[in-house]
Amino acid sequence: MKKSLKLLLALFTLALGVLFAGRADSKAATATWDANIQQTDAGKGSAKIQWNPYIGSSEAVGHYEVYISYDCVNWTKTEERFYGKDCTYTVDGLASNSAYYIKVVAMTKSSCSWSSEEVIAESTAARIATLPELGTVQNLRQIGATSNTITIAWNALAGAQSYTVYKYNSYNNYTPVATTTATSLKISGLSASFSANYFVVANAKNITGFTATSKEYIRREMRTAPAKVALVALSHYWSFSRTAGFKWSGVNNADGYQYQVLNSKGKAIYTNMVNITSGSISPFKKGQFTRTRVRAYIKVGNGYVYGPWSGYSYNAISSKVTAKRSKNRKKITVKWKKVTGASGYNVYVSTKSDRGFKKCKKVSKKKSSYTITKYGKKKLSKKKAYYVKVEYLTKVGKKTVKSGIVSQGSV
């Protein structure tokens with residue numbers, strides 16, 4: 001079907017005062033009919049219509065002519081000649097976000113020339129409208145997160161009546177999440193450490209019910225709060241610098257980790273943040289049981305959203321431990337300063353520095369010394385050197401937990 005390329009100019013001429021009322025030859029319509037004109041599609045500069053064919057005269061309809069108007073009073077024909085017979089037509093060259101009136105005129109067949117064609121009937125008028133032009137939604141950002149939700153926001157877009165949020169899956173594959181009139185949305189039902197890309201499209205309906213959507217979009221990654229760090233443990237203790245090192249399991253989509261040491265009363269005495277799965281504490285607190293824990297975080301805006309804390313790694317070391325051998329070399333007396341929070345102490349002895357340690361005694365928390373007289377079932381040998389070790393114990397509920405740090409020396 002031929003589409004008008006001159007309509008916008010014609011309507012502009014109409015607005016200047018060159019007004020058309022009915023057909024150019026001023027022949028009045030002999031009948032009117034309800035053509036039930038329906039707009040079936042809309043663009044930013046076009047509108048597609050369809051209508052019911054005229055049935056009500058013995059005269060055969062040769063073709064239809066389509067007229068358009070701003071005010072339903074002054075009309076202009078959309079084309080010089082329109083030979084369409086299928087009762088559909090696309091009006092081009094219109095202004096965006098604008099409303100018009102449209103009507104259809106049924107014409108007789110031409111017997112010899114177009115000037116001999118006459119009006120059979122003129123339809124009642126109907127409204128049509130083009131779509132508004134919408135820009136791109138700007139400043140899409142994450143403003144909140146929990147373990148199972150994310151909250152996103154964006155700037156209001158001029159002309160938008162609503163916004164549809166989409167989850168981006170892959171190229172040309174995305175899932176609508178929700179449509180809202182607000183400029184923010186909380187998305188729930190997610191899992192911890194979830195990550196996905198989202199984008200927002202603006203919508204605006206015209207008066208005939210067709211919806212314009214912004215085509216360009218900006219995609220952003222959004223994340224829930226991190227999952228719990230599963231494991232934290234002491235990796236090393238360097239006595240010469242009093243440095244304790246820790247390592248822990250990583251969490252998906254985390255930006256970094258916060259690790260913290262609490263004293264025996266549960267007060268935080270050291271806190272630090274890193275973007276790796278290990279950290280160190282120096283100087284490590286002596287004389288009391290400490291608890292080290294870790295949690296992952298993500299950055300949201302200018303702040304942080306944290307996951308839950310891990311379980312604790314329990315560690316302690318006495319501020320002073322000594323081992324002294326008797327003059328006859330048959331006894332080794334180990335002494336230590338008591339550790340706050342300790343439930344007891346294990347004392348070990350071995351003939352090698354790195355293995356072979358045998359437990360001598362579990363000592364009550366009320367005591368701070370123990371005398372070793374045997375290595376296993378044998379008495380200590382005067383001629384051998386021995387290595388001693390003190391292990392620190394604490395109660396966690398009904399469970400006894402050993403410190404990752406021990407005190408060791410030789411005599």
Side-chain angles (χ1 to χ4, degrees), residues 1 3-5 7-9 11-12 38-49 68 88-100 127-146 149-191 193-224 252-253 255 298-303 305:
M1 179 181 298
K3 299 181 180 179
S4 170
L5 301 176
L7 180 56
L8 194 59
L9 178 61
L11 288 173
F12 178 70
Q38 300 288 325
Q39 183 173 352
T40 58
D41 199 4
K44 294 176 183 178
S46 64
K48 186 175 183 179
I49 61 171
I68 193 167
T88 63
Y89 185 70
T90 299
V91 189
D92 287 322
L94 305 177
S96 64
N97 200 28
S98 299
Y100 303 87
R127 295 297 299 275
I128 62 170
T130 55
L131 295 177
E133 293 195 40
L134 293 172
T136 303
V137 174
Q138 299 289 334
N139 196 24
L140 178 62
R141 59 202 183 274
Q142 184 169 356
I143 60 172
T146 68
T149 69
I150 57 175
T151 303
I152 64 176
W154 54 91
N155 291 355
L157 184 64
Q161 298 168 352
S162 66
Y163 303 90
T164 302
V165 177
Y166 290 87
K167 176 179 171 286
Y168 181 88
N169 302 315
S170 60
Y171 176 73
N172 210 28
N173 179 7
Y174 32 84
T175 305
V177 176
T179 297
T180 177
T181 57
T183 55
S184 63
L185 179 70
K186 178 182 280 190
I187 304 169
S188 58
L190 308 175
S191 58
S193 290
F194 169 86
S195 172
N197 286 301
Y198 290 84
F199 64 90
V200 178
V201 169
N203 311 303
K205 277 190 176 183
N206 66 12
I207 63 169
T208 52
F210 291 89
T211 301
T213 58
S214 55
K215 300 301 181 184
E216 299 295 327
Y217 59 84
I218 298 169
R219 195 167 68 237
R220 292 284 184 268
E221 182 188 27
M222 309 294 176
R223 294 173 289 173
T224 57
N252 288 338
N253 302 317
D255 288 323
I298 59 171
K299 296 176 182 177
V300 176
N302 295 322
V305 174

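Note that the structure is predicted; figures quoted are calculated from it, not measured.
Between Thr181 and Gln161, the shortest heavy-atom distance links the atoms CG2-O, 3.7 Å. Closest of all the heavy-atom pairs between Val177 and Lys167 is CG2-N, 3.8 Å.
Between Leu157 and Tyr163, some side-chain heavy-atom pair lies under the 4.5 Å cut-off. Residues Tyr100 and Val91 are not in side-chain contact: their nearest non-hydrogen atoms beyond the backbone lie 4.5 Å or more apart. Contact annotation: the side chain of Ile218 approaches that of Gln138 to within less than 4.5 Å [non-hydrogen atoms, C-beta and beyond]. A heavy-atom distance below 4.5 Å is not found between the side chains of Leu185 and Val200.
A distance-only check finds no donor-acceptor pair linking the side chain of Thr164 to the backbone of Val201 [under 3.5 Å]. Using modelled atom types, no side-chain atom of Thr130 and backbone atom of Gly43 make a donor-acceptor pair closer than 3.5 Å. Remark: side-chain polar atoms of Arg223 are paired, donor with acceptor, to backbone N or O of Asn253 under 3.5 angstrom. The main-chain N or O of Glu221 is found under 3.5 Å from a side-chain atom of Asn197 such that the two form a donor-acceptor pair. Looking at Ser214, its side chain does come within 3.5 Å of a backbone N or O of Ala202 through a donor-acceptor pair.
The aromatic rings of Tyr168 and Tyr174 sit parallel to each other, their planes meeting at less than 30°, with 60° as the upper class boundary.
Atom-to-atom distance recorded for Gln38:CD and Ile49:CD1 is 10.5 Å, nearest 0.5 angstrom. Taken from CG in Leu134 to OG in Ser96, the straight-line distance is 10.0 Å, to the nearest 0.5 Å. Remark: Ile143 CD1 to Ile150 CD1 distance equals 11.0 Å, nearest 0.5 Å. Rounding to the nearest 0.5 Å gives a distance of 5.5 Å between CD1 of Ile128 and CG of Leu94. We find the CD1-CZ distance between Ile152 and Arg220 to be 11.5 Å, quoted to the nearest 0.5 Å. With values rounded to the nearest 0.5 angstrom, Ser98 atom OG is found 10.5 Å from Asn206 atom CG.
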Inset, instruction - Kindly indicate, with the supporting measurements, whether the criterion side-chain hydrogen bond (donor to acceptor under 3.5 Å, both in side chains) is fulfilled by Ser188 and Thr149. - result: CA-CA 4 Å; Ser188 58; Thr149 69; over 6 Å; no
Worksheet item: Under the side-chain hydrogen bond (donor to acceptor under 3.5 Å, both in side chains) criterion, do Ser195 and Asn252 qualify, and how do the steps go?
Response: CA-CA 9 Å; Ser195 172; Asn252 288 338; over 6 Å; no
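Ring pair Tyr217/Tyr166: centre-to-centre distance not below 6.0 Å.
Between Lys205 and Asn203, the side chains place no donor N or O within less than 3.5 Å of an acceptor N or O (distance only, hydrogens not considered).
In this structure, the side-chain hydrogen bond (donor to acceptor under 3.5 Å, both in side chains) partners of Gln39, at least two apart in sequence or on a different chain, are Thr208.
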